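Order of the sequence lines fixes the chain letters, A, B, ..., with proteins taken first and strands second; residue numbering starts at 1 for each chain. From a predicted model like this one, the values you see are computed outputs, not experimental measurements.
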There are 2 protein chains.
Amino acid sequence: MDHDILRLLDLAERLGNLAEARLKAVALPHGLQPVHARILLYLSAANRYSNTPQAVAEYLGLTKGTVSQSLILLEDKGYLRRVADTHDRRIVRLEPTPAGDDLVREMQRRGAGGFAVAARDLPEGLLAGLTQLLRRLQQLEGRRSFGVCRSCRHHLAEGRGRWRCGLTGEPLKAADRRRICREHESVAEGRDDAGAA
Amino acid sequence: MDHDILRLLDLAERLGNLAEARLKAVALPHGLQPVHARILLYLSAANRYSNTPQAVAEYLGLTKGTVSQSLILLEDKGYLRRVADTHDRRIVRLEPTPAGDDLVREMQRRGAGGFAVAARDLPEGLLAGLTQLLRRLQQLEGRRSFGVCRSCRHHLAEGRGRWRCGLTGEPLKAADRRRICREHESVAEGRDDAGAA
DNA sequence: CATATACGTGTCGTATCGATACATTATCGT
DNA sequence: ACGATAATGTATCGATACGACACGTATATG
């Protein structure tokens with residue numbers, strides 16, 4: 001059993017290497033490194049509570065300083081812009097520019113190209129199983145889970161296609177529910193009983 | 001479908017990050033970086049055709065130059081030793097010293113510690129599915145698969161607990177069959193064993 | 001209202017990794 | 001024996017990641 005988890009993590013690392021190599025091939029011609037690509041990809045999927053430098057650092061497991069430098073580069077190249085928050089003036093919001101959105105789409109297209117064939121006929125619960133594993137490990141390490149809004153324990157359905165975030169009280173649009181949230185908490189596994197969802 | 005593979009790769013990267021952080025915590029007190037730890041872990045699992053600097057570089061997706069420097073450090077610290085090959089004197093074999101084996105065991109123990117709980121009750125085919133995916137992607141990228149000997153198309157059973165490698169013609173001991181081989185090729189298409197070992 | 005504390009962000013200096021290019025040595029094919 | 005090929009090692013260079021510090025803002029406390 002100990003060996004299984006180790007082999008899983010080794011597989012994850014090697015898969016990650018492949019993904020990074022692919023990302024690099026797409027990003028390098030634009031003068032970007034894989035890290036920059038990952039930041040842009042995250043920001044294109046993050047919701048309005050989660051598009052700050054701090055959130056980027058936590059998501060990718062980097063320090064603020066490291067992220068800050070990458071953000072400067074991305075802004076200089078015109079792939080994202082900083083927007084001052086209106087309510088809390090400490091906070092800087094990061095929004096991909098149209099050029100940034102284009103690049104994200106290109107990376108998704110060329111990143112998936114060819115790979116999609118390889119992903120056919122894979123076991124049903126692969127995605128769900130991996131997600132579950134990641135959640136648990138991140139909880140063990142005291143890190144945020146960064147799940148999609150819809151799967152959060154604070155996500156409230158109010159009927160007739162209306163939803164609300166129980167943490168902030170704000171209403172949620174359909175598109176919001178698919179985005180990544182920094183405040184995400186798993187539904188069933190708030191406690192450490194590790195019960196299968 | 002396109003999105004599924006992208007989410008899978010994103011999950012893999014994040015899992016890999018966690019694994020690397022854990023590895024770092026174990027390796028740093030010994031004056032080693034995560035990369036050095038991964039090299040040592042690979043060498044402890046590689047078979048006699050696959051314990052060369054070149055193989056390490058291919059397995060981890062690094063260049064020879066990078067690996068060469070890490071090997072110097074690992075040798076200086078006494079965790080591995082270089083052994084000249086008797087038949088082909090260009091080749092240098094890398095073998096963990098007893099101290100290196102100890103460190104590998106410590107990393108396996110402390111790396112799995114705590115994580116093993118998280119791996120309970122995961123879907124059955126998770127390991128096999130990930131292995132299969134990795135094989136296919138590596139084949140697409142023209143990279144070697146580095147599977148375990150037993151799952152290779154060159155692996156021949158001769159009955160009565162005797163096996164042979166169809167590529168080199170050499171007989172295989174039981175322990176050899178569990179090791180990672182650089183010349184590994186998948187059996188047919190897909191039918192890999194994830195090696196419940 | 002004044003102060004103290006916490007938080008988010010950005011900057012600078014340092015260490016280390018990873019890649020490219022080149023040099024060296026050994027083996028293999030003819 | 002000789003050129004081609006392959007594996008390894010070395011040197012240099014760019015870039016990333018980290019840590020410590022500084023600054024402005026928000027929030028709590030009296």
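What separates CG of D88(A) from C1' of dT27(D) is a distance of 10 Å, to the nearest Å. Atom CD in Q69(B) sits roughly 17 Å away from atom P in dA15(C) (whole-Å rounding). At whole-Å resolution of the value, CZ in R82(A) and C1' in dT9(C) are 9 Å apart. To the nearest angstrom, P of dC17(C) lies 11 Å from CG of L74(B). Following rounding to the nearest Å, L62(A) (CG) and dT16(D) (C1') show an atom-to-atom distance of 9 Å. Atom CD of E58(A) is separated from atom C1' of dA17(D) by 17 Å (rounded to the nearest Å). The CG atom of D76(A) sits 14 Å away from the P atom of dA15(D) (whole-angstrom rounding). Atom-to-atom, NZ of K24(A) to P of dA15(D) comes out at 12 Å; the value is rounded to the nearest Å.
To the nearest 0.5 Å, atoms CD1 (I180(B)) and CG (N47(B)) are separated by 9.0 Å.
Looking at which nucleotide of DNA chain C each of G65(A) and Q33(B) is closest to, the 5′-most match is held by G65(A). Residue S70(A) is the one, among S70(A) and R89(A), whose nearest nucleotide of DNA chain D lies closer to the 5' end (criterion: closest heavy atom). The residue among L71(B) and L73(A) whose nearest nucleotide of DNA chain D is located toward the 5' end is L71(B).
Heavy atoms of other residues, nucleotides or ligands lying less than 6.0 angstrom from CZ of R82(B) number more than 12. Heavy-atom contacts from other residues, nucleotides or ligands closer than 6.0 Å to CZ of R48(A) number more than 12.
Between T66(A) and dT16(D) there is no side-chain polar atom (N or O) within less than 4.0 angstrom of OP1 or OP2. Residue H36(B) has a polar side-chain atom (N or O) positioned under 4.0 Å from OP1 or OP2 of dC17(C). For the OP1/OP2 pair of dA6(C) and a distance below 4.0 Å, the side-chain nitrogens and oxygens of R90(A) include no atom meeting the criterion.
The shortest non-hydrogen separation linking H184(A) to S151(A) is NE2-OG, 2.8 Å.
Considering E106(B), M107(B), H36(B) in turn, E106(B) is the only one that fulfils the side-chain contact (heavy atoms from CB on, under 4.5 Å) rule with H30(B).
With distances taken from any side-chain atom of K64(B) to the nucleotides dT8(D), dT9(C), dA19(C), the minimum falls on dT8(D). Of the candidate nucleotides dG18(C), dG13(C), dT11(C), dT11(C) has the atom nearest to the side chain of I72(A). If you check dG10(C), dA7(D), dT10(D) against the side chain of S68(B), the one that comes closest is dT10(D).
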